[in-house]
Protein chains: 2
Amino acid sequence: MGVTRGKLAKRTGCNAETIRYYEKIGLMPEPSRSTTGYRQYNQEHEQRLQFIMRGRELGFAIEDLKSLLELVDRKVVSCGEVSRLARIHLASVHQKISDLQRIEDALSKTLRSCSGENVPECPVIDALFLGTDKF
Amino acid sequence: MGVTRGKLAKRTGCNAETIRYYEKIGLMPEPSRSTTGYRQYNQEHEQRLQFIMRGRELGFAIEDLKSLLELVDRKVVSCGEVSRLARIHLASVHQKISDLQRIEDALSKTLRSCSGENVPECPVIDALFLGTDKF
DNA sequence: GCTTGACCCTGTAGTCACTACAGGGTCTAT
DNA sequence: ATAGACCCTGTAGTGACTACAGGGTCAAGC
């Protein structure tokens, strides 16, 4: 009863080594073992792993997911606490986006003044060396 | 003649340990030393470090900066090659932004359906567990 | 029954770009 | 002379994995 690590990996799309890693850091519980020591995963493990994978896709840190899963495990899921964590995360995603947009802006401005030809004057290099006010 | 590592750190705003790290990985050259073994940095080192710092701020990877600085060192800076590297980097910044925007979208959509009150039904947790088509 | 190959186990080291010690030496000011 | 701020080296830690090395196990085919 129960699937091996490799099969769980295939079913979820998670790397098999990553599953072992999640167990090591306490994000996935230790599953039961076969007589020969093979891990045996059940439906609950699969759901939990998918929870983790969806959370990671949304950019939640491992620690965030630990907190969320702890709430689930203790069955004290309160929408208040969850939405607080999610809003904090949303704010940091927002911050990352605007940082990257600033970078994109500076880069594309500099590239626009670049001929792209094989001439030795390069505005990209100059901008990095001289620090124009673009950055 | 020349400033110590700590002083270069202060002048550039770079962490002093980071300067040592950049030397170790071959991004900064080994400077000359005082009789007692202290590193002595000059103007050229400072310019190079600022180049690196501006590049990092723009999200260039260390390896990218190595490539760019190699072109500079060999005095074969051709705008063609530089702009090629910069365009590749710009594309990856662009990709990151749109990934994050997708995440932002999914998160804020889910949060909108969340009351934020202390009720046990939480759409954020449900979304992670059940995998709604939002993600 | 034996072999082959695909799986599983463990622990450890590598990735990236730093950061933070520990355990020593040096420099400057009082 | 001594205190405190600096400098040196090497190493270990971060986050989130990934990739071995060196073994054991399982299922299929012959």
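Residue numbers start from 1 in every chain, and the chains themselves are labelled A, B, ... in the order their sequence lines are given, proteins ahead of strands. Predicted, not measured: the structure shown is a model, and the values here were computed from it.
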Residue met sooner reading DNA chain D from 5', once B:Thr4 and B:Lys24 are mapped to nucleotides: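 Of the two residues, B:Thr4 wins.
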Please indicate whether A:Arg11 has more than 12 foreign heavy atoms, meaning atoms of other residues, nucleotides or ligands, lying under 6.0 Å from its CZ.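 Atom CZ in A:Arg11 is not packed in, count stays at 12 or less.
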Give the nucleotide from the list [options] with an atom nearest to the side chain of [X].
| X | options | result |
| --- | --- | --- |
| B:Arg20 | C:dT19, D:dT9, D:dT18 | D:dT9 |
| A:Tyr38 | C:dT10, D:dC8, C:dC8 | C:dC8 |
| B:Arg5 | D:dC8, C:dT10, C:dC21 | D:dC8 |

Just the rounded figure in Å: distance from [atom2] of [N] to [atom1] of [X].
| X | N | atom1 | atom2 | answer |
| --- | --- | --- | --- | --- |
| B:Asp64 | C:dC16 | CG | P | 12 Å |
| A:Glu57 | D:dC17 | CD | P | 11 Å |
| B:Glu30 | D:dC8 | CD | P | 12 Å |
| B:Glu23 | D:dC7 | CD | C1' | 13 Å |
| B:Glu17 | C:dC21 | CD | P | 10 Å |
| B:Arg11 | D:dC6 | CZ | P | 16 Å |
| A:Leu8 | C:dC8 | CG | C1' | 14 Å |
| B:Ile19 | D:dC7 | CD1 | C1' | 13 Å |

May I ask you to decide if [Y]'s main-chain N or O and [X]'s side chain share a donor-acceptor pair within less than 3.5 Å?
| X | Y | value |
| --- | --- | --- |
| A:Asn42 | A:His45 | yes |
| A:His89 | A:Asp64 | no |
| B:Lys66 | B:Gly26 | no |

B:Glu17 and B:Arg20 ion-paired at < 4.0 Å: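 Judged by the 4.0 Å cut-off on N to carboxylate O distance, B:Glu17 and B:Arg20 do form a salt bridge.
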CD1 of B:Ile103 to CD1 of A:Ile97: how many Å apart, nearest 0.5 Å?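 Result: 8.0 Å between the selected atoms.
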Just to confirm, is there a sub-4.0 Å distance from OP1 or OP2 of [N] to any side-chain nitrogen or oxygen of [X]?
| X | N | result |
| --- | --- | --- |
| B:Arg39 | D:dC7 | no |
| A:Thr36 | D:dC26 | yes |
| A:Arg33 | D:dT25 | no |

Between the side chains of A:Asp105 and A:Gln101, does any donor sit under 3.5 Å from an acceptor?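 The criterion, which ignores hydrogens and geometry beyond distance, is not satisfied for A:Gln101 and A:Asp105.
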Using a cut-off of under 3.5 Å, enumerate the N/O to N/O pairs linking the protein to nucleotides 13-16 of chain D.
from, atom 1, to, atom 2, distance (Å)
D:dA16, O3', A:Arg56, NH2, 3.4
D:dA16, N7, A:Tyr21, OH, 3.4

